[in-house]
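What follows is a single structure, and I will ask about it in a moment.
In what follows, every chain begins at residue 1, and chains take the letters A, B, ... in the order their sequences are listed. Predicted model only: the values in this text are computed from it and were never measured.
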2 protein chains.
Amino acid sequence: MNTDKHSQNLKKEDYLSHIAFDSVIFGFNGKDLKILVLQYHNTGLFALPGGFVRRNESLDEAVSKGVVERTGIDNIYLEQFQTFGGLDRFDSKAMERILKMNGLDPKANEWLLDRFISIAYYALINFEEVNPVPDALADSIEWYSFEELPPLMMDHEEIVQKALETLRANLDRKLLGMNLLPEKFTMRELQNVYEKIMGEPFKRTAFQRKMLATNALIRHEKRFTGGAHRAPYLYSFKTMVKDRS
Amino acid sequence: MNTDKHSQNLKKEDYLSHIAFDSVIFGFNGKDLKILVLQYHNTGLFALPGGFVRRNESLDEAVSKGVVERTGIDNIYLEQFQTFGGLDRFDSKAMERILKMNGLDPKANEWLLDRFISIAYYALINFEEVNPVPDALADSIEWYSFEELPPLMMDHEEIVQKALETLRANLDRKLLGMNLLPEKFTMRELQNVYEKIMGEPFKRTAFQRKMLATNALIRHEKRFTGGAHRAPYLYSFKTMVKDRS
DNA sequence: TCGTTATTGTAACAATTTGTTACAATAATA
DNA sequence: TATTATTGTAACAAATTGTTACAATAACGA
């Protein structure tokens, strides 16, 4: 990862001008729900992982590639949820600072200071599997829970808010929990995912009955964790084609 | 509407390159559900109403303006539902033909032949109120029901399909029926909207009870249509701020 | 070995919502 | 004034969801 590569990566003629994407990458570890946030070199600026679309790749390909680069894992659940096209959504001053701090010439990369429309996606992953990697312009990428989220650039806080709303609305229509859990998990862990996402507690018995009634779970052996109580069964989701609409 | 104005309207430097929008405008007349489709001059090409985004207007403004121009009415319910960014979604041959047939020079408007990403919106209106107006490049704009839809350009059929899916998914979460009906309507008319959109019949009594239970309807005087039967009440929706997210 | 403790799995019952059937109350018309 | 086609409501049934209760354990320590 050197500066040469950076400037090469951002040649105007390789990309569709005015078009960017941003991703809200949700991670879960059995207990907490967090998202990935980038911090740019020496600027104090925080932002969502994002990128641009090359002329010879589709939008979905560009986003998928970007998310793989940040997380190191392939085959992530991705869902486009909204395109942001406000007049306010460019901050050429901030972008100029970011370029300068990365040793790039703002003049030579003037197209990056112009107005962008951004297509936003959210991704769901089990964050034990992940070793996040900052992008070319950032010096760090970290997991943040919603309570400790730093102030984000431009409209990125609005994007996070909308991502969470969409995730909540989709949660009971699709089986999104599966993407945040390891292969096998207990009913309590599944309930934890749902509660963290929805931000409210559920009744254990009703939750269990409803989940079993969906007929989407396979019961496996019990898991003996060493707790002084009955051991819970492990479950996995019946494999189905993931919906990548 | 003259050719001068057309070419003026499409000056490259006024617009964000690579960015377009398309709109699926649903109309209802108490009986049928239809959408607006454009036909281009002497090309046999059909397409959804769409347009481009000026540098000095937001995406939502651009779309709103475009829909007002086509329908002649302001304050339409509009909802962004998906952005299409496939590699396949430009057809420079077709675009060239459209420009030529409108007396425009493809060379001078080369940016229009390039790849576009399109943000798609759907709109809901009561189509009695509307007198559709073709855009600068089209010679007709007509209402088509889904059964008689002509073959559409590029991925526009996919866009229509997705619009219908989204409308259906949103129907029981939001009160979208209101945008397709006149100010006052009967319970039967409301049920007709729901049935046409969902493509399946509902039980009259359960539908009525559910609608009344939402507490979102105001009951007015009866409507005497001349039928040899009990006259139905008229209802209107309790006014609320329309959700234009 | 055998209570004790903290869960988990299930069943039983209650409350709520949704589906179905029945029927009286009309508007027009003959 | 009887007839016809619909509408508005109520009554009952079925299905879903919410709540409570309780037995079945794993581990631990007396």
List the atom of A:Asp22, the atom of A:Leu48, and the distance in Å for their closest heavy-atom pair.
OD1-O, 3.9 Å

Whole angstrom is fine here: how far is it from CZ in A:Phe224 over to P in D:dA26?
5 Å

When all nucleic acid strands are considered with a 4.0 Å heavy-atom cut-off, which category describes A:Ala231: base, sugar-phosphate, or nothing?
sugar-phosphate

With respect to the phosphate group of D:dA26, does any side-chain polar atom (N or O) of A:Lys222 fall under 4.0 Å of OP1 or OP2?
yes

May I ask you to verify whether the side chain of A:Arg230 and the base of C:dT7 hold a donor-acceptor pair under 3.5 Å?
no

Rounded distance (Å) that lies between atom C1' of C:dG19 and atom CZ of B:Arg204:
14 Å

To the side chain of B:Pro232, which of C:dT20, C:dT8, D:dG8 is closest?
D:dG8

So for B:Thr205 and C:dT21, does any side-chain atom that can act as donor or acceptor lie under 3.5 Å from a complementary atom in the base?
yes

From the candidates C:dG19, D:dA21, D:dT19, the one with an atom nearest any side-chain atom of A:Ala206 is D:dT19

So, under a plain 3.5 Å distance rule, would you say the side chain of A:Arg219 forms a donor-acceptor pair with the base of C:dG9?
no

Could you state the atom-to-atom distance from NZ of A:Lys210 to P of C:dT10 in whole Å?
19 Å

State whether B:Tyr233 and B:Arg219 meet the cation-pi test: NZ (Lys) or CZ (Arg) under 6.0 Å from the six-membered ring centroid, and within 45° of the perpendicular axis.
yes

At a heavy-atom distance below 4.0 Å, what parts of residues 186-202 of chain B sit against DNA chain D?
B:Arg188

Is any NZ, NE, NH1 or NH2 atom of the basic residue among A:Lys184 and A:Glu189 found under 4.0 Å from an Asp or Glu carboxylate oxygen of the other?
no

In whole Å, what is the span from the CD atom of B:Gln208 to the C1' atom of D:dA11?
16 Å

Any carboxylate oxygen within less than 4.0 angstrom of a Lys/Arg side-chain nitrogen, looking at B:Lys34 and B:Glu142?
no

Within the 6.0 Å centroid threshold, strictly below: B:Phe26 and B:Tyr77:
no

A:Glu221 CD - D:dA26 P separation (whole Å):
13 Å

For residues B:Tyr121 and B:Phe21, establish whether the separation of their ring centroids is below 6.0 Å.
no

Please confirm whether any donor atom in the side chain of B:Arg209 sits under 3.5 Å from an acceptor in the base of D:dG8, or the reverse.
no

What's the OH-P distance between A:Tyr233 and D:dA24, to the nearest Å?
13 Å

Round to the nearest Å and state the distance from A:Met211 atom CE to C:dT8 atom P.
16 Å

Find the distance A:His229:NE2 to C:dT8:C1' and express it as a whole number of Å.
9 Å

State plainly whether the residues B:Lys65 and B:Asp74 are in salt-bridge range, i.e. N to O under 4.0 Å.
no

